[in-house]
Amino acid sequence: MEPENYTQLSEFLLLGFSEQAEAQPLIFGLFLSMYLVPVLENLLIILAIVSDPHLQTPMYFFLANLSFVVICSTSTTIPEMLVNKQTQSKAITYAGCITQMYFLLLFSGLDSFLLTVMAYDQYVAICHPLHYILIMNHWLCRLLVWHA
């Protein structure tokens, strides 16, 4: 009878882009800007849509939700990378990895769904312009986003 290996996996080791110490601040700054720029841009989009009454249409409602989902999807992986760069840790737990993958897939699916709903909104606006307000009312928009 051959012995079997019953070692349980508790964490993964992440391989970095560069092991050189002088490149670490540059990589950290690059990833920090890759995180802050989209978050700030999408926050400004949401703020503009919420604050301007002229932008209270279904397309902008979906755009605000899409911006929120982009903020959430960006926040699933990059902050963990930044923490790992600062603490010089290369490990991520198995549960942390599974959690990140779950939320990354969830927000990617929401992105796809919202883009599909936005395409339907444009279809209704182009093909049924006189019935647009009746078809794409606030109740339907909230229902579509809620079911996402």
Side-chain angles (χ1 to χ4, degrees), residues 9-148:
L9 184 65
S10 62
E11 62 184 24
F12 294 112
L13 291 179
L14 303 172
L15 299 176
F17 291 102
S18 173
E19 295 296 323
Q20 299 174 349
E22 61 271 0
Q24 297 304 317
L26 178 65
I27 292 171
F28 180 81
L30 184 66
F31 278 108
L32 183 63
S33 65
M34 285 173 49
Y35 176 65
L36 290 179
V37 168
V39 168
L40 292 175
E41 287 175 347
N42 286 300
L43 281 175
L44 287 174
I45 289 172
I46 293 170
L47 181 65
I49 291 170
V50 169
S51 64
D52 190 356
H54 294 100
L55 300 179
Q56 303 299 321
T57 62
M59 179 53 96
Y60 290 109
F61 175 73
F62 295 133
L63 184 62
N65 283 290
L66 183 65
S67 294
F68 177 73
V69 170
V70 168
I71 290 171
C72 292
S73 65
T74 305
S75 298
T76 58
T77 54
I78 296 180
E80 177 73 21
M81 232 188 291
L82 293 173
V83 169
N84 286 350
K85 284 290 177 198
Q86 283 299 100
T87 61
Q88 299 298 319
S89 170
K90 294 185 178 187
I92 183 171
T93 63
Y94 180 73
C97 183
I98 294 296
T99 304
Q100 276 189 354
M101 289 301 298
Y102 171 77
F103 283 109
L104 189 63
L105 291 172
L106 173 75
F107 293 129
S108 297
L110 286 173
D111 274 342
S112 299
F113 178 78
L114 283 169
L115 289 172
T116 303
V117 170
M118 290 171 78
Y120 176 71
D121 176 69
Q122 290 300 296
Y123 166 78
V124 171
I126 293 169
C127 294
H128 305 288
L130 299 177
H131 298 283
Y132 177 78
I133 295 175
L134 294 174
I135 297 171
M136 295 302 293
N137 56 35
H138 289 291
W139 179 81
L140 179 64
C141 293
R142 284 185 184 6
L143 182 68
L144 288 172
V145 170
W146 186 73
H147 281 294

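More than 12 heavy atoms of other residues, nucleotides or ligands sit less than 6.0 Å from atom CG of L36. The number of heavy-atom neighbours closer than 6.0 Å to CZ of F103, taken from other residues, nucleotides and ligands shown, is 12 or below.
By the 4.5 Å heavy-atom criterion applied to side chains, Y120 and V117 are not counted as neighbours. Two residues are said to be in side-chain contact when any heavy atoms from C-beta on lie closer than 4.5 Å; L47 and L43 fail this criterion.
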Derivation of the side-chain contact (heavy atoms from CB on, under 4.5 Å) call for F62 and L66: CA-CA 6 Å; F62 295 133; L66 183 65; over 6 Å; no
For V145 and F61: C-alpha separation, side-chain torsions, deciding distance, then whether side-chain contact (heavy atoms from CB on, under 4.5 Å) applies. CA-CA 9 Å; V145 170; F61 175 73; 3.5 Å; yes
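Residues that satisfy the side chain to side chain donor-acceptor pair (under 3.5 Å) test with Y132, not counting sequence neighbours, are D121. Residues satisfying the side chain to side chain contact (heavy atoms under 4.5 Å, CB included) test with L40, not counting sequence neighbours, are none. Residues forming a side chain to side chain contact (heavy atoms under 4.5 Å, CB included) with L105 (at least two apart in sequence, or on another chain): none. In this structure H131 satisfies the side chain to side chain donor-acceptor pair (under 3.5 Å) test with no other residue, sequence neighbours excluded. Considering only residues two or more places apart in sequence or on other chains, S51 meets the side chain to side chain contact (heavy atoms under 4.5 Å, CB included) condition with none of them.
Residues in residues 61-82 take part in these side-chain hydrogen bond (donor to acceptor under 3.5 Å, both in side chains) pairs, two or more places apart or across chains: Y35-S75, N42-S67.
In terms of modelled atom types and a separation under 3.5 Å, the side chain of Q56 and the main chain of D52 share a donor-acceptor contact.
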